[in-house]
Amino acid sequence: MATRPMISEAQSLEQYRIALDNAQNQAQIAAILAEFGYDAETINEGKTLWQNASDAYTLNKTEDVETSQAYAAFASKKEELENKYRMHRKKAKIIFRNDVLILEQLGIKGSIPQAYLRWLEVLKKFYASALANENIQTKLLRLKLNTDELLASNNLISELEAARGEYLREKGESQDATKAKDQALAILDDWMSDFYAVAKIALEDNIQLMESLGKMVRS
């Protein structure tokens with residue numbers, strides 16, 4: 001398999017595009033290459049591989065952007081919920097500091113877990129328990145934590161889970177697109193490696209023409 005030169009994928013694609021266009025459209029180069037097996041039909045095969053790689057590259061970039069956007073939406077929801085829960089938890093711990101059973105029922109003894117899934121379980125327990133107990137709701141009113149706020153935070157949990165699901169879906173699609181792009185570029189790299197090897201021989205007596213194929217030639 002051809003080794004990718006130390007240039008970006010975008011630069012590589014542009015170099016290949018220019019090379020294939022000039023190999024087909026510059027009459028002198030086209031005539032010489034045709035004698036070495038790279039006639040218009042063969043060049044079109046390379047252009048098809050280039051188009052496949054270009055499309056895969058563009059799709060991969062699109063998926064990467066969508067993944068970043070989905071993660072940003074998820075992270076924003078998580079930060080919002082973290083801030084709400086931290087304040088609600090603080091108020092509940094003050095109000096029920098002498099009621100061990102309620103503290104356990106709300107799941108607010110000890111520290112807040114760092115792992116996402118465990119953290120989410122703790123939040124679900126807190127809001128579900130508070131919303132299921134009118135006595136808890138009544139006492140929380142003393143520090144201006146009302147039922148509407150509890151409901152809103154509980155609903156935010158569902159929104160967060162949906163946002164995370166969307167992020168993971170986009171992440172999977174991005175990973176698939178990356179694999180497809182890498183495969184398409186590898187196939188194109190191999191084809192172009194053979195093309196350049198033959199072109200160097202074919203154009204040996206007109207070596208300056210290699211520059212039209214995207215290869216710099218020393219004077």
Side-chain angles (χ1 to χ4, degrees), residues 1-78 116 159-219:
M1 182 173 288
T3 301
R4 172 171 293 284
M6 297 300 291
I7 60 176
S8 71
E9 292 171 340
Q11 290 174 315
S12 184
L13 282 168
E14 179 61 6
Q15 176 184 309
Y16 292 164
R17 183 191 67 78
I18 292 172
L20 292 169
D21 281 349
N22 288 340
Q24 192 171 61
N25 298 325
Q26 287 195 19
Q28 185 180 5
I29 296 175
I32 295 173
L33 290 179
E35 294 179 5
F36 285 79
Y38 282 91
D39 56 13
E41 183 178 353
T42 304
I43 294 298
N44 279 331
E45 292 175 3
K47 295 184 89 169
T48 296
L49 295 179
W50 180 90
Q51 191 63 57
N52 291 340
S54 179
D55 290 345
Y57 174 83
T58 299
L59 177 61
N60 186 210
K61 288 298 181 183
T62 299
E63 291 295 345
D64 285 347
V65 170
E66 291 177 353
T67 299
S68 296
Q69 291 173 338
Y71 179 77
F74 162 68
S76 177
K77 289 283 185 187
K78 186 172 184 291
Y116 174 79
E159 293 177 16
L160 177 66
E161 290 181 309
R164 183 169 185 264
E166 178 68 9
Y167 161 61
L168 293 176
R169 183 182 68 79
E170 290 292 353
K171 183 180 179 182
E173 290 180 357
S174 180
Q175 290 172 338
D176 287 342
T178 297
K179 290 179 183 177
K181 178 261 299 179
D182 288 346
Q183 183 178 17
L185 282 173
I187 293 172
L188 178 61
D189 284 339
D190 279 345
W191 196 95
M192 292 302 299
S193 179
D194 289 341
F195 169 80
Y196 280 126
V198 173
K200 186 175 182 180
I201 294 172
L203 300 174
E204 187 174 11
D205 294 334
N206 301 275
I207 199 64
Q208 295 301 322
L209 292 177
M210 285 295 291
E211 292 191 3
S212 295
L213 302 180
K215 291 290 186 180
M216 297 302 296
V217 178
R218 292 182 180 178
S219 301

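These numbers come from a predicted model, not from an experiment. The first residue in the sequence is number 1, and the count goes up from there.
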Would you please name every residue forming a side chain to side chain contact (heavy atoms under 4.5 Å, CB included) with [X], sequence neighbours left out?
| X | value |
| --- | --- |
| A56 | K181, A184 |
| A202 | I32, L33, F36 |
| A10 | S8, Y57 |

Distance in Å, I29 CD1 paired with L209 CG, rounded so as to fall on 0.5 Å steps: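 Between I29 CD1 and L209 CG, I get 5.0 Å after rounding to 0.5 Å.
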
Spatial distance of atom OG (S12) from atom CG (D189) [nearest 0.5 Å]: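 The distance works out to 5.5 Å.
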
Qualifying salt bridge (Lys or Arg N to Asp or Glu O under 4.0 Å) pairs, either residue in residues 52-74, two or more places apart: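 Sorted pair list comes back empty.
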
Pairs meeting criterion salt bridge (Lys or Arg N to Asp or Glu O under 4.0 Å) with involvement of residues 163-177, two or more places apart: E166-R169, R169-E173

Qualifying residues under ring pair (Phe, Tyr, Trp, His ring centres under 6.0 Å), relative to W191, sequence neighbours excluded: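 W191 satisfies ring pair (Phe, Tyr, Trp, His ring centres under 6.0 Å) with Y38, F195 only.
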
List for me each residue that meets side chain to side chain donor-acceptor pair (under 3.5 Å) alongside [X], sequence neighbours excluded, and say none if there are none.
| X | value |
| --- | --- |
| N206 | none |
| D182 | none |
| K47 | D21, Q24 |
| Q183 | none |

Minimal non-hydrogen separation, A199 against L213, with atom names: CB-CD1, 3.8 Å

Sidechain-backbone polar pair: T62 side chain, T58 backbone, donor-acceptor under 3.5 Å: yes

For E45, salt bridge (Lys or Arg N to Asp or Glu O under 4.0 Å) partners two or more places apart: none

Listed once per pair and sorted, the ring-ring contact (aromatic ring centres under 6.0 Å, His included) pairs that draw on residues 162-190, sequence neighbours left out: Y71-Y167

